[in-house]
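Here is the naming used below: chain letters follow the sequence lines, and residue numbers restart at 1 for every chain. Just so we're clear, the structure is a prediction, and the values are computed from it rather than from any experiment.
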There are 2 protein chains.
Amino acid sequence: MQSYTEENYLKTIYHLAEKTTNVQTNAIAEQMQTKPASVTDMIKKLADKGLVDYIKYQGVTLTETGKNTAIDIVRKHRLWEVFLVDKLNFKWDEVHDVAEELEHIKSIELIERLDEFLGFPKADPHGDPIPDKNGRFAKTQFIKLIELKVGDAGTITGVSQHSSAFLKHLEKLGLTLGKQIQINDVTDFDGSVEILLSDKQVNISREVAKHILISSNGKN
Amino acid sequence: MQSYTEENYLKTIYHLAEKTTNVQTNAIAEQMQTKPASVTDMIKKLADKGLVDYIKYQGVTLTETGKNTAIDIVRKHRLWEVFLVDKLNFKWDEVHDVAEELEHIKSIELIERLDEFLGFPKADPHGDPIPDKNGRFAKTQFIKLIELKVGDAGTITGVSQHSSAFLKHLEKLGLTLGKQIQINDVTDFDGSVEILLSDKQVNISREVAKHILISSNGKN
DNA sequence: AATTATTTTTAGATTTACCTAAAAATAAAA
DNA sequence: TTTTATTTTTAGGTAAATCTAAAAATAATT
């Protein structure tokens, strides 16, 4: 059984490990709004519990057990987000903080039943995949919108940026999950992208285009 | 802003205050499965924060602020219980522990929306009243089943005992909330009560009868 | 390779919520 | 009204998760 804090460390390490194999102390500290010294302390504790492998000055990796625990927290977080949006009508930019608390509720039964109540969703409101109860993710084939060529079409199925500002911006432009889009043009000058969104012409900056994930319809 | 632990103390004091005005240190300790010395420590802290009035050796009472905080936690607890039973199909004897965790989730918006989602319920799965967002309880007129006379009839609307064993027992006898009952006889020998429950004759012990709450239909 | 900069760890403190054991206050009984 | 019993508090200590400041290891630069 892990404490609330230990769970947060595991989750953070899990997410950071998606980018680098050995997760650095400083990176964890920054992500968790704490100091490197505190991270070192906690890492030792997690290592003692067999949740991470740790070599001094070399960063950490999750053990099998640690990874499973982290995935379980991610699962809970994302299921709660679905609940908040689908059932309680929260907007996709409002759910993160509350889910951050709800993810630590311990009952397994609760999550099983919540999953069923929500219809076993495969993705959260931002398109992030929800692992099943065995920790397995459905395979997803995302392409960043920025990588599409003129003429390519697809469906918006995710975002790789979860800040409220970004999500509200997308909402205003009408770029929400499930929407069909087609690339009309890429501006040479600033790299902004002209897209066709249900007969409407929308221009988005290169920065925005980087963080929209598309699943292509057939040909690619 | 209170800690998880402080909230639990306030809630416990609130419940104990329903029986005695000045809540004793030992009573709190017993209820919270902790030691009197720890309670004294926490009481001082709560007093410093203006959440309880405290005179040494004389027990505590909640201040207005303390009481409002406690009621808010009770509200959350009971709404989550409704959610668990109505939406996730938990049994009424299975919800307490999970609600005990959920009640500490902080978002006000969450509770407002949950309340609406559940249809603004007035009572939890055990018949306990749910305060509205201003902390006001709907007036309830309960009579203990044990106090009814032969011939009296009414509806089961609550229980004053929440142990899993008791609730399962009631479930097995068919004595669930909303059921109509009538008193057929009270046994001289052991004080057990014969009741009529949808044409069936059911005998319940005096002890059980003490903890079933009835709202009488018209005449009383 | 030596120096400088960065990252990480250690050492020693602090805060929160506990604890045990002993002392003090209050309540009950002789 | 003493004595005894109960309740409550104080004193001193522990474990978890932090912190700051300083030391040690690693990485980058000249």
Side-chain angles (χ1 to χ4, degrees), chain A residues 1-17 19-62 66 69-70 73 100-101 103-104 106, chain B residues 1-17 19-62 66 69-70 73 100-101 103-104 106:
Chain A
M1 191 92 298
Q2 283 81 42
S3 75
Y4 186 106
T5 312
E6 284 166 3
E7 288 189 353
N8 280 334
Y9 270 90
L10 292 175
K11 188 185 59 168
T12 299
I13 295 167
Y14 175 78
H15 286 309
L16 289 170
K19 296 184 177 179
T20 41
T21 347
N22 274 46
V23 180
Q24 287 167 258
T25 305
N26 266 0
I28 300 170
E30 193 190 10
Q31 194 67 32
M32 298 201 63
Q33 313 247 59
T34 183
K35 306 290 163 185
S38 311
V39 174
T40 303
D41 284 350
M42 180 54 82
I43 279 174
K44 283 181 188 165
K45 195 176 157 193
L46 294 174
D48 286 347
K49 289 194 173 188
L51 296 163
V52 299
D53 290 320
Y54 168 55
I55 307 165
K56 265 190 196 176
Y57 294 99
Q58 306 298 185
V60 285
T61 53
L62 292 172
T69 309
I73 300 159
E100 205 75 358
E101 288 191 58
E103 72 190 7
H104 299 290
K106 285 183 196 61
Chain B
M1 192 90 296
Q2 284 80 42
S3 73
Y4 186 107
T5 312
E6 283 166 5
E7 287 190 355
N8 280 334
Y9 270 90
L10 292 174
K11 188 184 60 169
T12 299
I13 295 167
Y14 175 79
H15 286 309
L16 289 170
K19 297 187 175 173
T20 40
T21 348
N22 274 46
V23 180
Q24 287 167 255
T25 306
N26 267 359
I28 299 171
E30 192 190 8
Q31 194 68 33
M32 299 202 61
Q33 314 248 59
T34 182
K35 304 292 162 182
S38 311
V39 175
T40 304
D41 283 350
M42 181 55 83
I43 280 173
K44 283 181 189 167
K45 194 176 159 193
L46 294 175
D48 286 346
K49 289 194 174 189
L51 296 164
V52 300
D53 289 321
Y54 167 57
I55 307 163
K56 266 191 196 177
Y57 293 99
Q58 307 296 226
V60 285
T61 53
L62 292 172
T69 309
I73 300 160
E100 205 76 357
E101 288 191 60
E103 72 189 6
H104 299 289
K106 285 182 195 63

Does a side-chain N or O of [X] approach OP1 or OP2 of [N] to a distance below 4.0 Å, or not?
X     : N      : result
A:K44 : C:dT9  : no
A:Y9  : D:dT18 : yes
A:Q24 : C:dT8  : yes
A:N26 : C:dT6  : no
A:S38 : D:dT18 : no
A:T25 : C:dT9  : yes
B:T5  : C:dT16 : no
B:T34 : C:dC19 : yes

Between [X] ([atom1]) and [N] ([atom2]), how many Å, whole number?
X     : N      : atom1 : atom2 : result
B:Q58 : C:dA25 : CD    : P     : 13 Å
B:Y57 : D:dT8  : OH    : P     : 10 Å
B:I43 : D:dT10 : CD1   : C1'   : 14 Å
A:D41 : D:dA15 : CG    : C1'   : 13 Å
A:K35 : C:dA13 : NZ    : C1'   : 16 Å
B:E6  : C:dT16 : CD    : C1'   : 9 Å
A:D48 : D:dA15 : CG    : P     : 15 Å
B:M42 : C:dT16 : CE    : C1'   : 8 Å

For this session: Mark yes when over 12 heavy atoms from residues, nucleotides or ligands other than B:Q2 sit less than 6.0 Å from its CD; otherwise mark no.
Result: yes
Exercise. Just wondering, are more than 12 heavy atoms of other shown residues or ligands nearer than 6.0 Å to CD in B:E101?
Worked result: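 Result for CD/B:E101: enclosed.
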Exercise. Taking B:E7 for the side chain and B:I73 for the main chain, is one N or O donor matched with an acceptor at less than 3.5 Å?
Worked result: no
Problem set entry | Minimum heavy-atom distance B:Y54-B:A47, with the two atoms named | CB-CB, 4.1 Å
Exercise. Across the strands shown, which category fits B:Y54 at heavy-atom distances under 4.0 angstrom: base, sugar-phosphate, nothing?
Worked result: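 Sugar-phosphate contact only - B:Y54 comes under 4.0 Å of backbone atoms but never of a base.
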For this session: Check A:I43, A:L51, A:L46 against A:V60 for a side-chain contact (heavy atoms from CB on, under 4.5 Å) and give me the one that passes.
Result: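 Only one option passes, and that is A:I43.
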Seminar exercise, completed: Judged by nearest nucleotide, the residue sitting upstream toward the 5' end of DNA chain D, A:P36 or B:G59, is B:G59
